[in-house]
Undergrad: 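Supplied in structure tokens, the structure appears directly below.
All values derive from a computational prediction rather than experimental measurement.
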Protein chains: 2
Amino acid sequence: MTLKALYEHTNCEECPIRHRAVCAHCEKDELEALEKIKYYRSFEAGQTIIWSGDPMNFVGSVVSGIASLTQTMEDGRTQMVGLLLPSDFVGRPGRETAPYDVQATTDVVMCCFRKKPFEEMMASTPHIAHRLLQMTLDELDAAREWMLVLGRKTAREKIASLLSIIARRDASVNKTGITGPIVFDLPLTREAMADYLGLTLETVSRQISALKKDTVITLEGKRHVTIPDMGRLMEEAGDDADGGFLV
Amino acid sequence: MTLKALYEHTNCEECPIRHRAVCAHCEKDELEALEKIKYYRSFEAGQTIIWSGDPMNFVGSVVSGIASLTQTMEDGRTQMVGLLLPSDFVGRPGRETAPYDVQATTDVVMCCFRKKPFEEMMASTPHIAHRLLQMTLDELDAAREWMLVLGRKTAREKIASLLSIIARRDASVNKTGITGPIVFDLPLTREAMADYLGLTLETVSRQISALKKDTVITLEGKRHVTIPDMGRLMEEAGDDADGGFLV
DNA sequence: ATTCCCAATTGATCTCGGTCAAAGTACCAG
DNA sequence: CTGGTACTTTGACCGAGATCAATTGGGAAT
């Protein structure tokens with residue numbers, strides 16, 4: 001159970017986590033070394049994993065739980081700039097300090113490597129460097145996709161976009177494909193959703209109620225979501241039914 | 001005159017462009033090969049350099065002029081997701097197609113390399129791969145910084161943020177430092193600014209007028225800007241006077 | 001059960017920025 | 001000088017989403 005996909009594959013049967021990061025199970029020769037320097041860290045919901053501006057001496061990936069990257073202005077306005085789901089990579093090889101806060105949204109377990117040995121490993125393993133570039137490009141695409149959401153979409157479209165992303169990500173986990181209804185639990189509070197979408201929590205709540213009334217989604221309790229028709233949701237999100245990757 | 005900074009330095013006296021990309025003047029041994037495969041392309045203002053979704057068979061950097069990365073929804077709403085100033089790198093090693101439109105905002109000259117040989121060069125030159133990762137991380141930081149602008153800042157703060165970025169970038173070009181007044185020409189129309197900031201052009205115009213009235217900036221004509229006090233502008237932008245890199 | 005606490009919903013009102021419309025300005029070609 | 005075009009400014013009005021405030025709902029602990 002460590003990290004993968006610094007190699008080409010996107011799944012490793014041996015690992016309980018779907019990793020998009022680095023996995024030591026495959027390509028044993030080069031990556032066995034990673035096994036030796038890995039360690040686990042646990043965080044409680046609400047805890048700050050890394051403070052913006054602090055020195056950051058490890059890289060790693062999320063094993064379980066949800067973490068978020070957030071930026072905060074002096075007056076308290078906050079914007080979430082990324083969502084870290086299990087298998088997502090955290091860290092910036094070659095950088096000293098963290099550029100944003102990383103917070104545990106739920107209880108989180110991370111698999112970490114001290115940065116120094118990881119960077120040495122990177123230097124001697126071109127595949128890892130290459131894979132890391134690809135992962136960073138993915139994140140960049142996701143961030144830019146989200147700029148469109150933040151800058152130009154309506155509140156309703158924003159909610160639909162977020163649900164769509166979580167649903168798609170979830171579907172890929174369960175290998176369910178995207179036909180038929182999709183069911184999942186929202187991993188975020190209304191407030192966290194608001195911070196991600198550049199809205200207030202009241203607006204988030206209202207729009208979710210509206211989508212429910214219009215049967216775009218079904219809710220059981222506050223968090224358990226059913227999406228009867230994924231295509232419908234993506235129309236609501238203003239997506240042309242294929243774009244919209246993100247996180 | 002080519003590209004640099006796949007190496008450590010951030011400036012090369014021989015080159016008329018400040019490059020943050022790849023420059024063949026330094027580290028001649030490895031990079032001379034780049035000289036052989038480089039070529040120039042010119043574009044007129046308004047021209048689309050690359051269409052979203054099209055195959056992209058080159059990488060390169062802007063030599064002169066301004067280009068923009070934009071995403072457009074079916075109904076025409078557009079969001080600029082990046083601004084390319086001289087020396088900025090364009091391209092995605094390892095990716096087949098372009099994820100957004102690249103448009104020439106002014107007349108643009110680019111220095112290009114066919115992707116295939118560039119990627120081969122990358123594979124055999126770890127420094128280049130490393131530098132490319134660092135550049136991509138910079139872009140990622142910039143994109144996430146901009147997410148805060150788009151999601152949480154007021155119209156006035158957005159304008160101030162944009163001016164601040166252009167001013168800072170411009171100051172670094174002229175090695176002027178950031179003391180004393182800063183003078184530059186806006187390289188964007190009001191509409192382009194609006195697309196970058198997630199506003200309408202009318203709001204952009206109004207807020208610029210307001211900043212002018214409050215003597216945060218001075219305007220001669222429509223485009224020539226003087227910033228008497230950079231600190232003041234950054235306060236207006238809501239920045240804590242050091243963050244806010246971008247572009 | 002009762003209480004407490006926190007997340008979420010819902011309502012009433014306000015406001016910033018969008019929309020629609022009309023001028024104003026600079027630049028170019030003839 | 002004149003007309004045309006593209007960019008910009010300014011005004012009047014409107015509405016989506018923010019703000020303020022009250023209420024509801026659902027666990028967990030007592």
Side-chain angles (χ1 to χ4, degrees), chain A residues 44-46 66 73 75-79 105-107 149-163 185-214 217-225 236 238, chain B residues 44-47 66 73 75-79 104-107 149-163 185-214 217-225 236 238:
Chain A
E44 288 176 12
I66 311 277
M73 295 172 67
D75 61 10
R77 283 177 281 176
T78 77
Q79 175 66 51
T105 295
T106 64
D107 288 352
V149 173
L150 291 172
R152 292 303 187 192
K153 290 194 178 179
T154 65
R156 173 185 263 242
E157 289 169 334
K158 285 180 176 181
I159 300 287
S161 297
L162 179 55
L163 292 176
D185 283 302
L186 269 180
L188 301 173
T189 64
R190 301 290 185 261
E191 186 177 21
M193 293 175 70
D195 282 343
Y196 202 15
L197 297 166
L199 298 171
T200 59
L201 67 90
E202 293 95 330
T203 299
V204 169
S205 181
R206 274 185 250 272
Q207 295 298 336
I208 287 181
S209 297
L211 288 174
K212 190 168 55 177
K213 188 159 68 64
D214 299 344
I217 62 172
T218 309
L219 268 189
E220 287 159 60
K222 307 299 185 188
R223 299 290 194 91
H224 194 72
V225 180
E236 290 285 352
Chain B
E44 287 176 13
Q47 213 178 338
I66 311 277
M73 296 172 66
D75 61 9
R77 281 177 282 176
T78 78
Q79 175 66 50
T105 295
T106 62
D107 289 351
V149 173
L150 291 172
R152 292 302 185 192
K153 290 193 179 180
T154 64
R156 174 184 262 244
E157 288 169 335
K158 285 180 175 181
I159 300 287
S161 297
L162 179 55
L163 292 176
D185 283 303
L186 270 178
L188 301 172
T189 64
R190 300 293 186 261
E191 185 178 21
M193 294 175 70
D195 282 343
Y196 202 15
L197 296 166
L199 298 170
T200 60
L201 67 93
E202 293 95 329
T203 299
V204 170
S205 180
R206 273 185 253 272
Q207 295 298 337
I208 288 181
S209 297
L211 288 174
K212 190 169 55 178
K213 186 160 68 64
D214 300 343
I217 62 172
T218 310
L219 269 188
E220 287 158 58
K222 308 298 183 186
R223 299 290 192 91
H224 194 73
V225 180
E236 290 284 353

Undergrad: Base, sugar-phosphate, or nothing: which does B/Thr189 touch, judged by heavy atoms less than 4.0 Å apart?
TA: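 Sugar-phosphate, backbone atoms only, no base.
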Undergrad: Could you say whether A/Arg152 or A/Leu201 is positioned toward the 5' end of DNA chain C, judged by the nucleotide with the nearest heavy atom to each?
TA: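 Nearer the 5' end of the strand: A/Leu201.
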Undergrad: Taking CD in B/Gln47 as the centre, count heavy atoms belonging to other residues, nucleotides or ligands within less than 6.0 Å. Is the count above 12?
TA: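 Above 12, so yes.
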Undergrad: How would you give the extent of chain B contacts on DNA chain D, as first and last nucleotide 5' to 3' within a 4.0 Å heavy-atom cut-off?
TA: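 With heavy atoms of chain B under 4.0 Å away, the range is D/dT8 to D/dA12.
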Undergrad: List for me each residue that meets side-chain hydrogen bond (donor to acceptor under 3.5 Å, both in side chains) alongside A/Thr203, sequence neighbours excluded, and say none if there are none.
TA: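 side-chain hydrogen bond (donor to acceptor under 3.5 Å, both in side chains) check on A/Thr203 returns A/Thr200.
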Undergrad: Within the 4.0 Å heavy-atom criterion, would you say B/Arg156 contacts the bases, only the backbone, or no part of the nucleic acid?
TA: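 The answer is nothing, as B/Arg156 stays clear of every strand by at least 4.0 Å.
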Undergrad: Quick one: salt bridge (Lys or Arg N to Asp or Glu O under 4.0 Å) partners of B/Asp214, sequence neighbours excluded?
TA: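 Applying salt bridge (Lys or Arg N to Asp or Glu O under 4.0 Å) to B/Asp214 gives B/Arg156.
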Undergrad: For B/Arg77, what residues pass the salt bridge (Lys or Arg N to Asp or Glu O under 4.0 Å) criterion, not counting sequence neighbours?
TA: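 B/Arg77 satisfies salt bridge (Lys or Arg N to Asp or Glu O under 4.0 Å) with A/Glu157, B/Asp75 only.
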Undergrad: Could you measure the distance from the NZ atom of A/Lys222 to the CG atom of A/Asp185? Nearest 0.5 Å is fine.
TA: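 One gets 14.5 Å once the value is rounded to the nearest 0.5 Å.
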Undergrad: With sequence neighbours excluded, what pairs up with A/Asp107 under the side-chain hydrogen bond (donor to acceptor under 3.5 Å, both in side chains) test?
TA: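 A/Asp107 satisfies side-chain hydrogen bond (donor to acceptor under 3.5 Å, both in side chains) with no residue once adjacent residues are dropped.
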Undergrad: Suppose we screen for side chain to side chain contact (heavy atoms under 4.5 Å, CB included). Which residues come up paired with B/Thr106, at least two apart in sequence or across chains?
TA: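 Residues passing side chain to side chain contact (heavy atoms under 4.5 Å, CB included) with B/Thr106: B/Ile66, B/Val108.
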Undergrad: Any salt bridge (Lys or Arg N to Asp or Glu O under 4.0 Å) pairs touching residues 197-213 of chain A, not counting sequence neighbours?
TA: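 Sorted result for residues 197-213 of chain A: empty, none.
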Undergrad: Taking 5' to 3' order, which nucleotide of DNA chain C is first and which is last to have an atom within less than 4.0 Å of a heavy atom in chain B?
TA: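 The contacted stretch runs from C/dG17 to C/dC20.
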Undergrad: Please report the end-to-end axis angle for the helix from C/dA1-D/dT30 to C/dG30-D/dC1, five pairs per end, rounded to 10 degrees.
TA: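 For the helix from C/dA1-D/dT30 to C/dG30-D/dC1, the axes at opposite ends meet at about 30°.
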Undergrad: Going by number, which of residues 202-210 of chain B have a non-hydrogen atom under 4.0 Å from DNA chain C?
TA: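 Close to the strand are B/Glu202, B/Thr203, B/Arg206.
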Undergrad: Does B/Lys153 have any salt bridge (Lys or Arg N to Asp or Glu O under 4.0 Å) partners at least two apart in sequence or in another chain, and if so, which?
TA: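 Salt bridge (Lys or Arg N to Asp or Glu O under 4.0 Å) check on B/Lys153 returns B/Asp239.
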Undergrad: Is B/Gly198 touching bases, backbone alone, or none of the nucleic acid, heavy atoms closer than 4.0 Å?
TA: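 Counting heavy atoms under 4.0 Å across all strands, the contact made by B/Gly198 is with sugar-phosphate only.
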Undergrad: Taking only residues two or more places apart in sequence or in another chain, which ones pass side-chain hydrogen bond (donor to acceptor under 3.5 Å, both in side chains) with A/Thr78?
TA: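 For A/Thr78, the residues satisfying side-chain hydrogen bond (donor to acceptor under 3.5 Å, both in side chains) (neighbours in sequence not counted) are A/Asp195.
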